[in-house]
Structures are given as C-alpha cells and as structure tokens.
2 protein chains.
Amino acid sequence: MIRLGKLTDYALVLMSQIARRPASELHTARDLAVQCHLPLPTVSKLLKTLLQSGLLASHRGVKGGYNLARDPHAISLAEIISALEGPFGLTECSTDVGGLCDLESSCAIKDNQRIISQVLRGALESVMLSDLTRPMQLTGIRDKQGNLVPMASAAGRMQ
Amino acid sequence: MIRLGKLTDYALVLMSQIARRPASELHTARDLAVQCHLPLPTVSKLLKTLLQSGLLASHRGVKGGYNLARDPHAISLAEIISALEGPFGLTECSTDVGGLCDLESSCAIKDNQRIISQVLRGALESVMLSDLTRPMQLTGIRDKQGNLVPMASAAGRMQ
DNA sequence: ATCAAATAGGACTAATTTAATACACTTTAA
DNA sequence: TTAAAGTGTATTAAATTAGTCCTATTTGAT
C-alpha cells in the first residue's frame, strides 16, 4: 500500500488542528498532544521537524508555543509530507553500489522513479492544508492549470 | 520520502521489459532475471504476485513463461503498484485498537488518509505502462477529464 | 513413458526502517 | 530566580520489508 508513515499522519493532524484556530494563537506541544490524543514526546518531535522545515514558527519561554508560518491556503500537502518523509523519489538506487544497470545505457528504475515522483508530487502540490481542515468541503482538486477536477471522478474506483 | 518499496520498483521494470516485446512472446522468470539484472528468486516471486493480480498471464510447462494479460495502454501504474503494495490507503488506524479518536466524532487521520489516497490513486491511474516503456515521450499526464497536463508544469520544483 | 524446464505456493530468516522514548540543554515571561 | 516551554541528540524497541529456500505441479520434447 502506498501509505504514509504514522508520523506523517500525526503531523497532518497536528497541522490541521493548528490551522483550525486563529493564526495568531500559540499552541504548546502539551496542548496539541491532549487535543489530538497523541503522546507528548512524539508531538514534540514532530513540531520540531515541522519547525525546521519552515512550516511552523516557534516562540520560546513560558508563554511560548507554535503557530503556522504561513496561511493554510499557502501550505501544500506535498510540503508537509516531504518535511516528514524527506524529498520525493530519493530512493537509493540499488545499482549505485557496484552494479551496472545498462538497459539501454540508463537505469530503468531511476527513470520510473522520476516519472512517478513527478506525478505524485504534482498531485500533492494541488491539495492545500486548508483542504484538510474542512474535509466535507473538498469536492475536487485543482490541476496545474487551475482546472477543478471533481473528487468522485478523480478518485476512480475504491480498491 | 514517499517511495515505493524496492520490490515495486523491480515489478515496474519487469512489466516494462515485457511490454517492450511483442504481446504474444513468452518470458521465463530466468530470462527476465538476466535481462533486468535482478535475482531469480525475487523475479519469480514478483511474477507470481503480478499473475495473481491479473496483470500477467502464465503458461506452464517446458515452453512456458509469462506475458501481459492486457495491452500496455490498458494497464495503469496504479494497478501495478497496488498489486505489490496492497490497496491504497489501507493503513490500520492506530485508534482501531482501543482508543477513541473523537475530534468532532470522526477520526481526523482517516479523513486525511481518504483524501490523500484519492489524490494519489487518481494521479497514478492516469499514467499507463506504455508511458514507462518510452520514457522520453512522456511529456505530460492526463487528468480525469482527459486534459493533458504538461510534465514540466505538473512536476513543480525539485525538492 | 520419462525427463527436464518451467510455473505455483508456501514458509522462513535476515536486514532495514520506523516508531517511540529518554535525557540534558536553552530560552524567557512572571 | 524559577518554572514553563522549546531544542537537540542519542538510544532502544517494534514492525515491516526484502530475500531465500523448498516442494509440488504442469507440460513439451525425446
């Protein structure tokens, strides 16, 4: 299954939770852990990662906490996911080690990965954090021309 | 990183290799292992999985082998990938165990996963096996309306 | 009829990756 | 000055994935 790691799921929940509140409001790791039913050490680690990726801003000290670095409409799922899972399509090619993968002089695996990464990244860049905070209102995704692709149609059949 | 398992990469290479040859031609696991520079036991296992998913047809006996069950234009990457990785978005929700994830009475993680799975599946259903056999000719992907989305634009920036 | 080549299915082990935790340090408002 | 809150690093445990092996079945060729 193409699935995100648990930590990435948690990060999306955290980001959604923060995005639901006014932008100026600060959220402590402890509060978010309670609100999202997640263990505090995990939440703390995730917030740090999201901070380092520039998706959150932090304020230290007693009245500190985290808030979004940008508007929820300006943060794509691709950014959040790659903050947690690393850059798209960076699987180490097994042939880097010592082999020679010379199906027509270029590595077929890398070609495939390039194509697939582009497709996936393009799709995830079209969904914004704001689309997650009101799931019922997400009826379609926008392609790169800005055309609206209805959700039912984009989904295809359930597998 | 959102990356496919190694085995899925291998499966894509195998399927591409088969797709490059005439449809009627049979390919043994041994031949494919040599051609694709992959270990035979792994190739054998992958071909079995692809067979069970209905993407390959098999012919037993001395002159046996595998060939595609359908035309390369009629096999999407979504099918090949889900054959290896299982159905999209079927991560077991950690709250299934015993917890109660009652952020507004429905699980936020599941909602997110549903949305993301739909987006990813939609994207991968628009790329066909035939697009992998001639990588240089893939200049765009088709959205579900059939509109062509140019590759450079769909790709966005490299992360 | 027999043999050899090939697929079919399952079980098992090792390696890798991911998840979760713990601890020491820094900052800052009250 | 103190307590609350973020920062950084290291370590351990759990889960998943990758890879291999063995045995049975089918079938074309001799």
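Note on naming: letters A, B, ... go to the chains in the order of the sequence lines (proteins, then strands), and numbering restarts at 1 for each one. FYI, side chains are in, hydrogens and waters are out, and symmetry mates aren't considered; it's all heavy atoms of this structure.
- Under the 3.5 Å distance criterion, with hydrogens and angles disregarded, no donor-acceptor pair is assigned to the side chains of A:Glu25 and A:Asn67.
- We find that NE2 of B:His27 is positioned 20 Å from P of C:dA5, with the value rounded to whole Å.
- Taken together through direct or relayed side-chain contacts under 4.5 Å among Ile, Leu, Val, Met, Phe, Trp and Tyr, A:Leu26 and A:Leu51 form parts of separate hydrophobic clusters.
- Atoms CG (A:Asp9) and C1' (C:dT18) sit 13 Å apart, rounded to a whole Å.
- Between the P atom of C:dT7 and the CD atom of B:Gln52 lies a distance of 14 Å, rounded to the nearest Å.
- Comparing D:dG6, C:dA8, D:dG19 against the side chain of A:Arg60 picks out D:dG6 as the nearest.
- The side chain of B:Pro39 has D:dT20 as its nearest neighbour among C:dT7, D:dT20, D:dT7.
- For the pair A:Lys45 NZ and C:dA24 C1', the interatomic distance rounds to 17 Å; values are reported in whole Å.
- Residue B:Ser58 has a polar side-chain atom (N or O) positioned under 4.0 Å from OP1 or OP2 of C:dA8.
- Both A:Gly61 and A:Pro41 lie near DNA chain C, and the one whose nearest nucleotide falls closer to the 5' end is A:Pro41.
- Remark: P of D:dG6 and CG of A:Asn67 are 12 Å apart, rounded to the nearest angstrom.
- With hydrogens and angles ignored, a donor-acceptor pair under 3.5 angstrom links the side chain of A:Lys48 to the base of D:dG8.
- Contact between the side-chain N/O atoms of A:Tyr66 and the OP1/OP2 oxygens of D:dT7 is found at a separation under 4.0 Å.
- One atom, CG of B:Leu46, and another, P of C:dG9, lie 15 Å apart when rounded to the nearest Å.
- Between the CG atom of A:Leu7 and the C1' atom of C:dA20 there is a distance of 8 Å, given to the nearest Å.
- Among the nucleotides D:dT27, D:dG19, C:dA20, the one closest to the side chain of B:Val62 is D:dT27.
- With salt bridges taken as basic N to acidic carboxylate O contacts below 4.0 Å, none links A:Glu79 and A:Arg121.
- Distance A:Leu4 CG to C:dT18 P: 12 Å, rounded to the nearest Å.
- If you check every strand for non-hydrogen atoms under 4.0 Å, B:Leu47 touches nothing.
- Atom CG of A:Leu77 sits about 7.5 Å away from atom CG of A:Asp131, to the nearest 0.5 Å.
- Here B:Tyr10 does not reach the OP1 or OP2 of D:dA18: none of its side-chain N or O atoms lies under 4.0 Å away.
- One distance of note links NE2 of A:His37 with CG of A:Leu32; it measures 12.0 Å at 0.5 Å rounding.
- Under 4.0 angstrom from either OP1 or OP2 of D:dT7 there lies no side-chain N or O belonging to A:Ser44.
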